Engineer: 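Questions regarding the structure given below will be posed in turn.
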There are 2 protein chains.
Amino acid sequence: MEEADGVRGRARRAVRAELAELALGLFVERGFDTTTVDDVARVAGLSKRSLFRYFATKEDMVLGVVDVMGEGFAEEVRARPAEETPWDCLRAVLHAWEARIRESTDQLARLRLIESTPTLRARLHQRRDESRRLIADALRERPGSGLDGFTAEFYTAAAGAALDAASSEWLRTGGATDRATLIDRAFTTLRPS
Amino acid sequence: MEEADGVRGRARRAVRAELAELALGLFVERGFDTTTVDDVARVAGLSKRSLFRYFATKEDMVLGVVDVMGEGFAEEVRARPAEETPWDCLRAVLHAWEARIRESTDQLARLRLIESTPTLRARLHQRRDESRRLIADALRERPGSGLDGFTAEFYTAAAGAALDAASSEWLRTGGATDRATLIDRAFTTLRPS
DNA sequence: CCATCCTATGTCACTCAGTGACAATAGTGT
DNA sequence: ACACTATTGTCACTGAGTGACATAGGATGG
């Protein structure tokens, strides 16, 4: 039951990743809504029930990676120098995050699928929502931040808006533009330095 | 089939509103997830099937009003004076919108329910997402806006962030604060005048 | 007043996501 | 070989949502 890293846990995560990749392929090929979980299970060679032991929901098969974001992000916010403004702090962390995300594979196909599937977009937002609280709290609890809950939440949500717009544009250009640069542009739009 | 205002259409909308109110009451009382659609149908005195002829989804019974926002909002954006900056334009329209929303009943209970139910939050974001494109387009197409798609979308998403944070804070204070004021505060936070 | 539409509704059967319970079956350590 | 434990499969179930079809009710034209 413990999430501590045993051989078991690692194997499990490997299987999960494999299944996610397979599912993504199917969804991209046949469409998310028109592909049933049973379809995925059949192709993957296990039962629907077992599949749901790896993923809580169908959407999770696609979102998987994104969902852990919250805690890590909040932690990095806390680690930023105290003299940094909230806005710059968020920009910096988001920037660093982007660099890491770029390494994962299939980002373009995955994002395209998410963008074109309302169900998936909804889930994604739900996830981001849960993270937002965590991040806003981290922002407020920085030494000497002097932020109230409302302002902290707004900053965080605005940063999320930057991420959103950047992802959307990145997708529109077929992955040609640099997401990190776009994010910077968004941040600067509202706070020209 | 036509949505034009006949006697029929008006009656239909009245029934819809009545059902929505009834459903909201049940959801608030028993919880959204733990209340089945059949429950609502039973109390309302019609079949589940008929209920789904008034609402496409269970969530729609709660969100109902919110979803028409998109087009109206976009229209008002187009009607703003051209010399206004995008940011001020959004602020003004959002401000006007708030005044109108305040008139609807049960806002507090409804919002509380939405806030505390992930499924509902997800749907709400989904709706907002659909509106965002419309509004961003309207913003870009204002005479002499000079905005690219990316920037327009970011502005719009950021305005959505302000609305979100304001709603959240408004709820936190039990409806004591003025949402319009909060929105102004958010807008000013990122663009002190 | 009756025949005729048209719409709202009910009924029934179905799909699909997700869950709980329990049995079967690995795999690991001793 | 033996016990222990995690993983999987099976089966039956709930709950949202849909499609097909039958029917009741209310307006309209003759």
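Order of the sequence lines sets the chain letters (A, B, ...), proteins ahead of strands, with each chain counted from 1. On a predicted model such as this, the values are computed, not experimentally measured, just so you know.
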Engineer: By the 4.0 Å heavy-atom rule, please label A:Thr35 as base, sugar-phosphate, or nothing.
Structural biologist: sugar-phosphate
Engineer: Using modelled atom types only, decide if a donor and an acceptor are shared between the side chain of A:Thr181 and the backbone of A:Thr177 within a distance under 3.5 Å.
Structural biologist: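 No: the side chain of A:Thr181 does not pair with the backbone of A:Thr177.
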Engineer: Between the base of D:dG9 and the side chain of A:Arg53, is there any donor-acceptor pair under 3.5 Å?
Structural biologist: yes
Engineer: For C:dA8, take OP1 and OP2 only and decide whether either is under 4.0 Å from a side-chain N or O of B:Tyr54.
Structural biologist: no
Engineer: Does NZ or CZ of A:Arg12 lie under 6.0 Å from the centre of the six-membered ring of A:Tyr54, at an angle within 45° of the ring axis?
Structural biologist: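 That pair qualifies as a cation-pi contact.
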Engineer: Between A:Asp38 and A:Arg49, which residue's closest nucleotide on DNA chain C lies nearer the 5′ terminus?
Structural biologist: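 Closest to the 5' end, via its nearest nucleotide, is A:Asp38.
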Engineer: Under 4.0 Å between a side-chain nitrogen and a carboxylate oxygen: does that hold for A:Asp60 and A:Arg123?
Structural biologist: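 Answer for the salt bridge query: no.
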Engineer: Mark yes or no for whether B:Lys58, through its side chain, and B:Thr35, through its backbone, hold a donor-acceptor pair below 3.5 Å.
Structural biologist: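 Between the backbone of B:Thr35 and the side chain of B:Lys58 there is a qualifying donor-acceptor contact (under 3.5 Å).
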Engineer: What nucleic acid atoms does A:Ser47 come within less than 4.0 Å of, heavy atoms only: base, sugar-phosphate, or nothing?
Structural biologist: base
Engineer: Rounded to the Å, how far apart are A:Leu51 CG and D:dT8 P?
Structural biologist: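 Taking atom P of D:dT8 as the reference, CG of A:Leu51 is at 10 Å.
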Engineer: Please state how far atom CG in A:Asp60 lies from atom C1' in C:dA17, giving the value in whole angstrom units.
Structural biologist: 13 Å
Engineer: Provide, to the nearest angstrom, the distance between the CZ atom belonging to B:Phe55 and the P atom belonging to D:dT18.
Structural biologist: 14 Å
Engineer: When B:Glu115 is tested against each of B:Arg110, B:Arg121, B:Arg172 for salt bridge (Lys or Arg N to Asp or Glu O under 4.0 Å), which residue passes?
Structural biologist: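 Filter result, single survivor: B:Arg121.
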Engineer: Could you give the NZ-to-P distance, from B:Lys58 to D:dT18, as a whole number of Å?
Structural biologist: 15 Å
Engineer: Can you tell me how far P of D:dA16 sits from NZ of B:Lys48, to the nearest Å?
Structural biologist: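 Computing the B:Lys48:NZ to D:dA16:P distance gives 7 Å.
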Engineer: If you only use heavy atoms from C-beta on, which nucleotide in C:dA8, C:dG10, D:dG9 is closest to the side chain of A:Ser50?
Structural biologist: D:dG9
Engineer: Rounded off to whole Å, could you give me the CZ-to-P distance for the A:Arg13 and D:dA6 pair?
Structural biologist: 17 Å
Engineer: Give the rounded distance in Å between these two atoms: CZ of B:Arg42 and P of D:dA16.
Structural biologist: 11 Å
Engineer: Whole Å only: how far is the CZ atom of B:Phe32 from the C1' atom of D:dG15?
Structural biologist: 12 Å
